[in-house]
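Below is one structure, written out as structure tokens, with a few remarks after it.
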Amino acid sequence: MDLVTISRESLSGVVSDAQARSWCAQLEAGGILYFPETPVPIRHEDIAFLLGQQQTDSSLHKNIAYKPNVDKLSGVDTKTADAAAVARLQSIMRQYSKSVVAFLTGFLSPYQGKWELDYASFRPQEEQGRDLPLRKRNDLLHTDAFPTRPTHGARILRFFNNIHPSRTRDWVVGDPFATIVRQFTPAEIAPSPDSGLGRVAKGLGRAVGLGAALPSIKRSPYDDFMMRFHNFLKENERFQAECAKYAWQFPAGSSWMVYTDAVPHAVLAGQYALEQTLLVKPEALVAPETSPLKVLEGIAGTALV
Ligand code: SIN
Ligand code: FE
């Protein structure tokens, strides 16, 4: 898979429309845009504060989410956490979220105004050897889907900062969605003239042993598939063993961005990262035919949202 390196110098001038479109196209084709020196720098004292959390305050240990639209943190136990520390964390996350958006507004101008701002996160845990239930493990290759936040065809674009003072964040990525969905998805969802919505959902459901759709969350058939596919990939030993693998180590102080709904990824080691998720609307895409939605609709022969 392509890793496109973008130097600090190349960002100093005004980004042309053609250049911005080509960056969008590279992302949509399953590439990773990699910034050896982050274009979203974080103040030293803020990094020092974030690095201090792991040692000092057990209530701030988990992945912590920040919801920019309502300016709220989650994953923090406010009953036991020090109120001043929580307020500081919130203000750092608020600033981080704003800075990523400000950068991407210019950098990915074709998407401007056509995304929804999703959560940001602070990831203070060591990733190597994390003890998590299988479907929550991030050291297994997977494409992202959110159990409680269906996207209805919007794309999951994630921007990361490795804020560890010295260590790399070690990823493995695979071939993009259009390749793996054909290579590894069970025959039940292969395209056929009668494969309607129900068939796509039911077919993969049977293959991954899920039975009926999960209740209570309004998912489109697309979201249903993407959620099942996430689980299916993590649970599938043949996929984990046989899929193409490309290892990337993102150094301290770097940033990278990728469509994690289409690029299978796993994090094997590393500690302390910040991340902001954007949901890019289908009409913003510069190459919509390569999107998981269009690929799946091609396979199903029918609309899925
Ligand atoms: C993931 O989205 O699977 C985790 C990526 C990371 O935390 O580096
Ligand atoms: Fe993921």
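Sequence positions, counted from 1, serve as the residue numbers for this chain.
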Taking NZ, NE, NH1 and NH2 as the nitrogens, is one of them in [X] or [Y] under 4.0 Å from a carboxylate oxygen of the other?
X    : Y    : value
K281 : E116 : no
R228 : D224 : yes
E45  : R43  : yes
R94  : D71  : yes

Tell me if the [atom1] atom of [X] is crowded by more than 12 foreign heavy atoms within 6.0 Å.
X    : atom1 : result
D17  : CG    : no
E237 : CD    : no
K294 : NZ    : no
K245 : NZ    : yes

May I ask you to test the [X]-[Y] pair for a side-chain heavy-atom distance under 4.5 Å?
X    : Y    : value
W23  : S109 : no
F107 : F159 : no
N161 : Q276 : no
L108 : M257 : yes
L73  : M93  : yes
P124 : Q53  : no
V181 : F225 : yes
L233 : L140 : no

Between [X] and [Y], a side-chain donor and acceptor under 3.5 Å:
X    : Y    : answer
T105 : Q112 : no
S121 : N63  : no
Q95  : S99  : yes
D261 : T143 : no
E28  : T290 : no
D118 : T277 : no

Nearest atoms (heavy-atom pairs only) where [X] meets [Y]:
X    : Y    : answer
A65  : Y119 : CB-CD1, 4.3 Å
Y222 : H152 : CD2-C, 4.3 Å
A178 : V295 : CB-CG2, 3.9 Å
E275 : R123 : OE1-NH2, 3.5 Å
I180 : P264 : CD1-CG, 3.7 Å
L51  : Y272 : O-OH, 3.1 Å

Could you label the plane-to-plane angle of the H142 and H265 rings as parallel, tilted or perpendicular, counting under 30° as parallel and over 60° as perpendicular? tilted
So, taking the atom named [atom1] in [X] and the one named [atom2] in [Y], what distance separates them when rounded to the nearest 0.5 Å?
X    : Y    : atom1 : atom2 : result
S291 : E297 : OG    : CD    : 8.0 Å
S91  : D46  : OG    : CG    : 6.5 Å
L268 : R130 : CG    : CZ    : 13.5 Å
Y34  : F250 : OH    : CZ    : 8.0 Å
L157 : L33  : CG    : CG    : 8.5 Å
D131 : K136 : CG    : NZ    : 12.5 Å

hydrophobic_cluster_shared for [Y] and [X], side chain cutoff 4.5 Å:
X    : Y    : value
V101 : F122 : yes
Y111 : L11  : yes
L279 : L27  : no
V286 : I156 : no
F49  : V76  : yes

State whether the side chain of [X] and the backbone N or O of [Y] hold a donor-acceptor pair below 3.5 Å, judged by distance alone.
X    : Y    : value
K67  : K72  : no
N162 : G253 : no
R21  : S16  : no
T38  : V40  : yes

Between [X] and [Y], is the ring centroid distance below 6.0 Å?
X    : Y    : result
F35  : F103 : yes
F184 : F232 : no
F160 : W256 : yes

Begin from the C-alpha positions of F177 and L296 and carry the test side-chain contact (heavy atoms from CB on, under 4.5 Å) through to its verdict. CA-CA 10 Å; F177 188 83; L296 285 175; 3.8 Å; yes
Report the C-alpha distance between R169 and E127 in whole Å, list the side-chain angles of each, state the deciding distance to 0.1 Å, and finish with yes or no for side-chain contact (heavy atoms from CB on, under 4.5 Å). CA-CA 9 Å; R169 196 169 185 87; E127 296 295 341; 3.0 Å; yes
Cation-aromatic face contact R155/Y259, 6.0 Å, 45 degrees: yes
List the steps, then state whether side-chain contact (heavy atoms from CB on, under 4.5 Å) holds for H164 with E126. CA-CA 11 Å; H164 194 283; E126 171 58 54; over 6 Å; no
Pair L50-I92, side-chain contact (heavy atoms from CB on, under 4.5 Å): steps then yes or no: CA-CA 9 Å; L50 294 174; I92 295 171; 4.1 Å; yes
